[in-house]
Amino acid sequence: MATDWIALQALAAAEFGRRVEAVTDWDAPTPDSEWTTRDLVTHVVDEQRWIPLLLTGQAYDQAEADLEPIGDDLAAAWTEHATRATAAWRDVPADVSVHLSTDVVPAHEYLAEQTSDITIHTWDLARATGTDESLPDELVEAVWHRFEPKIEDLAATGLYAPPVDVPDDAPLQVRLLAVTGRDARVDA
């Protein structure tokens with residue numbers, strides 16, 4: 001059965017939104033040692049802001065230049081831009097070319113990438129805010145199946161910290177996060 005990345009994107013956006021609503025300290029540290037909670041949410045909001053533009057064929061540099069600053073209300077910005085991104089994903093054919101900063105990829109590949117990114121950052125935000133860290137099984141499984149064949153390549157991209165060594169029998173969410181340099185074990 002094919003993965004319904006459109007449904008998974010909407011689920012990931014909803015899960016991230018729940019964690020954004022729980023933020024009480026925008027300066028709190030996150031599992032990514034370089035980012036505060038504000039930095040993390042701003043990053044994910046930014047990614048959502050340019051999705052509708054990129055899906056219409058606009059080049060990444062132009063899309064980024066056309067965007068206005070986010071503003072201070074990150075929760076409202078998340079709701080607005082995640083809603084627009086979700087609608088844009090539903091309206092675009094899967095094979096449309098998307099011009100990213102480093103590559104041109106079909107929309108379906110970009111959708112899987114963005115959904116994976118939101119999923120991983122949902123856990124980051126949950127850990128930072130002390131909220132529920134469990135991710136929906138269908139998101140974890142889809143992202144795992146996307147990442148697992150390229151585990152060796154993930155660390156080399158520089159997008160993630162080096163993998164965390166966890167047992168092979170660890171829960172799938174723990175193994176998924178470990179390949180992105182995150183230690184999701186309860187006793188971590």
Side-chain angles (χ1 to χ4, degrees), residues 1-23 26 30 32 35 37-126 128-129 135-147 149-150 154 157 159-160 176 180:
M1 186 166 127
T3 302
D4 184 351
W5 284 102
I6 296 283
L8 291 173
Q9 186 278 337
L11 178 59
E15 289 293 315
F16 190 80
R18 280 193 319 116
R19 282 24 175 245
V20 169
E21 291 298 325
V23 174
W26 290 99
T30 68
D32 184 328
W35 283 352
T37 302
R38 179 184 319 282
D39 298 330
L40 171 66
V41 174
T42 299
H43 163 73
V44 181
V45 169
D46 267 343
E47 289 186 337
Q48 301 308 294
R49 290 181 340 132
W50 57 59
I51 287 170
L53 299 173
L54 294 176
L55 293 180
T56 63
Q58 196 167 20
Y60 177 87
D61 292 343
Q62 185 61 49
E64 191 172 39
D66 286 350
L67 294 172
E68 296 294 322
I70 293 174
D72 293 332
D73 188 346
L74 291 178
W78 169 255
T79 300
E80 174 187 349
H81 296 292
T83 300
R84 287 182 184 169
T86 298
W89 286 121
R90 288 187 175 127
D91 292 341
V92 70
D95 61 348
V96 163
S97 294
V98 180
H99 299 265
L100 303 177
S101 62
T102 58
D103 202 1
V104 177
V105 300
H108 68 87
E109 188 175 315
Y110 182 43
L111 172 60
E113 175 187 314
Q114 284 297 302
T115 303
S116 299
D117 192 60
I118 296 170
T119 300
I120 301 301
H121 287 317
T122 296
W123 181 84
D124 291 338
L125 190 55
T129 58
L135 301 169
D137 291 341
E138 57 266 48
L139 279 174
V140 171
E141 289 171 17
V143 176
W144 173 256
H145 289 298
R146 184 170 185 278
F147 281 10
K150 36 187 172 175
L154 288 176
T157 66
L159 296 175
Y160 302 106
L176 169 64
T180 67

Sole candidate of V23, T30, V44 that passes side chain to side chain contact (heavy atoms under 4.5 Å, CB included) when paired with L125: V23
Residues D4, L8; criterion side-chain contact (heavy atoms from CB on, under 4.5 Å); working and verdict: CA-CA 6 Å; D4 184 351; L8 291 173; 5.6 Å; no
Verdict with supporting geometry, R18 and E21, salt bridge (Lys or Arg N to Asp or Glu O under 4.0 Å): CA-CA 5 Å; R18 280 193 319 116; E21 291 298 325; over 6 Å; no
Aromatic centroids of F16 and W123 separated by under 6.0 Å: no
CG on L54 to OH on Y110, rounded to 0.5 Å: 4.5 Å
D32 and L40, any side-chain heavy atoms less than 4.5 Å apart: no
Closest approach of A107 to P93 (non-hydrogen atoms, all atoms of both residues): CB-O, 3.6 Å
A77 to V45 - nearest heavy-atom pair and separation: CB-CG1, 4.1 Å
Which residues share a side chain to side chain donor-acceptor pair (under 3.5 Å) with R38, sequence neighbours left out: none
Side chain proximity check, Q48 to Q114, heavy atoms < 4.5 angstrom: yes
Verdict with supporting geometry, Q58 and D66, side-chain contact (heavy atoms from CB on, under 4.5 Å): CA-CA 10 Å; Q58 196 167 20; D66 286 350; 2.6 Å; yes
CA sep, side-chain torsions, deciding dist, call: T102, Y60, side-chain contact (heavy atoms from CB on, under 4.5 Å): CA-CA 9 Å; T102 58; Y60 177 87; over 6 Å; no
Closest contact, heavy atoms only, A75 versus V20: CA-CG1, 3.7 Å
Residue pair V96 / L55, side-chain heavy-atom distance below 4.5 Å: no
Point-to-point distance, once rounded to the nearest 0.5 Å, from OG1 of T115 to CD1 of I120: 11.5 Å
Full working for ring pair (Phe, Tyr, Trp, His ring centres under 6.0 Å) between W35 and H121: CA-CA 11 Å; W35 283 352; H121 287 317; 5.7 Å; yes
Between E47 and H43: side-chain donor-acceptor atoms closer than 3.5 Å: yes
Value rounded to 0.5 Å, distance of CD in E64 from CG in D46: 7.5 Å
Minimal non-hydrogen separation, T37 against A128, with atom names: OG1-CB, 3.8 Å
Closest non-hydrogen atom pair, L11 against P136: CD2-CB, 3.8 Å
Crowding at CG, D72 (>12 non-hydrogen neighbours, <6.0 Å): no
From OG1 (T86) to CD1 (I6), nearest 0.5 Å: 8.5 Å
H81 ring center near W50 ring center (under 6.0 Å): no
Heavy-atom pair with the smallest gap, counting every atom of T129 and R19: CG2-O, 4.5 Å
Gap separating the CG atom of L67 from the CZ atom of R49, nearest 0.5 angstrom: 4.5 Å
R146 vs T3 side-chain heavy atoms within contact, under 4.5 Å: no
Worked verdict on I70 versus L74 for side-chain contact (heavy atoms from CB on, under 4.5 Å): CA-CA 7 Å; I70 293 174; L74 291 178; 3.7 Å; yes
Any side-chain heavy-atom pair of V104 and L100 under 4.5 Å: no
L111 CG to S116 OG distance, which is reported to the nearest 0.5 Å: 9.0 Å
